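Along the sequence shown, residues are numbered consecutively beginning with 1. Bear in mind that the values here come from a model prediction, so they are computed numbers and not experimental data.
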Amino acid sequence: MFILIFAFESKQNSIKSFHMELDKTSWSILACLQENARASFADIGREVGLSAPAVAERMIKLEDAGIIQGYRIEVDYEKTGYALKAFITFTAHSGKFNSFLNYIEKLDEVLECHRVTGNYCIFMKVVVENSGHLQHLLASMMEYGETTTSVILSSPITHRIFTKHETKTKGKGHVVKSRLA
């Protein structure tokens, strides 16, 4: 069993704890929603063995706890005229990091931006119309630092369903991770 604990500040400026226990049913609901966020409460209920109102109540609790943060669609960027996807790693020039973050926040081409450890400070996923568009985007970033680009040729895994993992010890201390259904 997994327990999520987080704290929030109330109007009286005191810290309160909120505990959300995720049982197998909650994990199953999360898996169903990740597979199809538009599934009805009744469809999810049939899948996990609950009534539609019970699913709705659980989903509200998961939303209130911040576990469910939103519902999204997937876009086929090629069909919208943006045929080229790439990963860009970025290392900022001295004193330019915050300016760069403000700059890329306004760029529609940047789908994801992650601060990372290692040789680079930023890892981005971008989508552009063509190589000329990518070249222009990279040139605009050069004012802020150095980039390294990898064009995405294909994406064998684009959306993996996240489920609970259980760690078990077998035999002579070997750790085996197995995915729960």
(Q) Can you tell me how far apart CD (Glu129) and OH (Tyr82) are? Round to the nearest 0.5 Å. (A) 4.5 Å

Q) Closest approach of Thr163 and Trp27, non-hydrogen atoms and distance? A) C-CZ3, 3.7 Å

Q) Out of curiosity, does Leu137 fall in the hydrophobic cluster containing Tyr120 (side-chain heavy atoms, cut-off under 4.5 Å, transitive links)? A) no

Q) Roughly how far, to the nearest 0.5 Å, is CD of Glu143 from NE2 of His93? A) 9.0 Å

Q. Taking all non-hydrogen atoms of both residues, which atom of Ala42 and which atom of Ala52 are closest, and how far apart?
A. N-CB, 3.8 Å

Q) In terms of hydrophobic clustering (I, L, V, M, F, W, Y; side-chain heavy atoms under 4.5 Å; direct or indirect links), are Ile152 and Val116 co-clustered? A) yes

(Q) Do His133 and Val126 make a side-chain contact, defined as non-hydrogen atoms from C-beta onward lying under 4.5 Å apart? (A) no

Q) How many angstroms lie between atom CG of Asn130 and atom CG of Leu84, to the nearest 0.5 angstrom? A) 7.5 Å

Q.
On a heavy-atom basis, which atom in Ile29 and which in Leu50 lie closest, and how many Å separate them?
A. CD1-CD1, 4.2 Å

Q) Any side-chain heavy atom of Ile44 sitting closer than 4.5 Å to one from Arg58? A) no

Q) Are Ile73 and Leu33 in one and the same hydrophobic cluster, where Ile, Leu, Val, Met, Phe, Trp and Tyr link if side-chain heavy atoms are under 4.5 Å apart? A) no

Q: Evaluate the side-chain proximity of Leu22 to Ile67: yes if any heavy-atom separation is below 4.5 Å, no if none is.
A: yes

Q: For the pair Asp64 and Lys61, evaluate salt bridge (Lys or Arg N to Asp or Glu O under 4.0 Å) and give the outcome as yes or no after the intermediate values.
A: CA-CA 5 Å; Asp64 289 345; Lys61 287 179 181 177; over 6 Å; no

Q. Do the side chain of Thr89 and the main chain of Thr148 share a donor and acceptor less than 3.5 angstrom apart?
A. yes

Q) What are the two closest heavy atoms between Cys121 and Ala92, and how far apart are they? A) SG-N, 3.5 Å

**Q.** Rounded distance [0.5 Å steps], SG in Cys32 versus CE in Met59
**A.** 10.0 Å

Q. Are Phe100 and Leu138 connected in the hydrophobic side-chain network, where two residues link if heavy atoms are under 4.5 Å apart?
A. yes

Q: Please work out which of the three classes, parallel, tilted or perpendicular, describes the rings of Tyr144 and Tyr103, given edges at 30° and 60°.
A: parallel

Q: Would you indicate whether Asp108, at its atom CG, is surrounded by more than 12 heavy atoms from other residues, nucleotides or ligands within a distance under 6.0 Å?
A: no

Q: Please check if Ile88 and Leu107 belong to a single hydrophobic cluster, counting links between Ile, Leu, Val, Met, Phe, Trp and Tyr side chain heavy atoms closer than 4.5 Å.
A: yes

Q.
Counting only heavy atoms from other residues, nucleotides and ligands, does the tally under 6.0 Å from CG of Asp76 exceed 12?
A. yes

Q) For His136, does the NE2 atom sit with more than 12 other heavy atoms under 6.0 Å from it, leaving out its own atoms? A) no

Q | Any donor-acceptor N or O pair under 3.5 Å, side chains Ser99, Asn102 | A | no

Q) Any idea which heavy atoms bring Leu134 and Val151 closest together, and the distance? A) CD2-CG2, 4.2 Å

Q. Hey, mind stepping through Leu111 and Tyr77 against side chain to side chain contact (heavy atoms under 4.5 Å, CB included) and telling me if it holds?
A. CA-CA 11 Å; Leu111 300 177; Tyr77 295 105; 3.5 Å; yes

(Q) For the CZ atom of Arg115 and the CZ atom of Phe97, what is their distance to the nearest 0.5 Å? (A) 3.5 Å

Q) Does Glu47 CD have over 12 foreign heavy atoms under 6.0 Å away? A) no

Q.
Please check: side-chain N/O of Gln34 versus main-chain N/O of Leu30, any donor-acceptor pairing under 3.5 Å?
A. yes

Q: Give, for atom OH of Tyr71 and atom CZ of Arg38, the distance between the pair rounded to the nearest 0.5 Å.
A: 13.5 Å

Q) Take atom CD in Glu105; do more than 12 heavy atoms of anything else shown fall under 6.0 Å from it? A) no

**Q.** Stepwise side chain to side chain contact (heavy atoms under 4.5 Å, CB included) check, Ile122 with Met141
**A.** CA-CA 12 Å; Ile122 295 285; Met141 293 180 180; over 6 Å; no

Q: Determine the minimum heavy-atom distance between Ser28 and Val48, stating which atoms define it.
A: CB-CG1, 3.4 Å

Q) In this structure, are over 12 heavy atoms from other groups packed under 6.0 Å from Glu63 atom CD? A) yes

Q. Does some side-chain heavy atom of Thr147 sit less than 4.5 Å from a side-chain heavy atom of Met124?
A. no

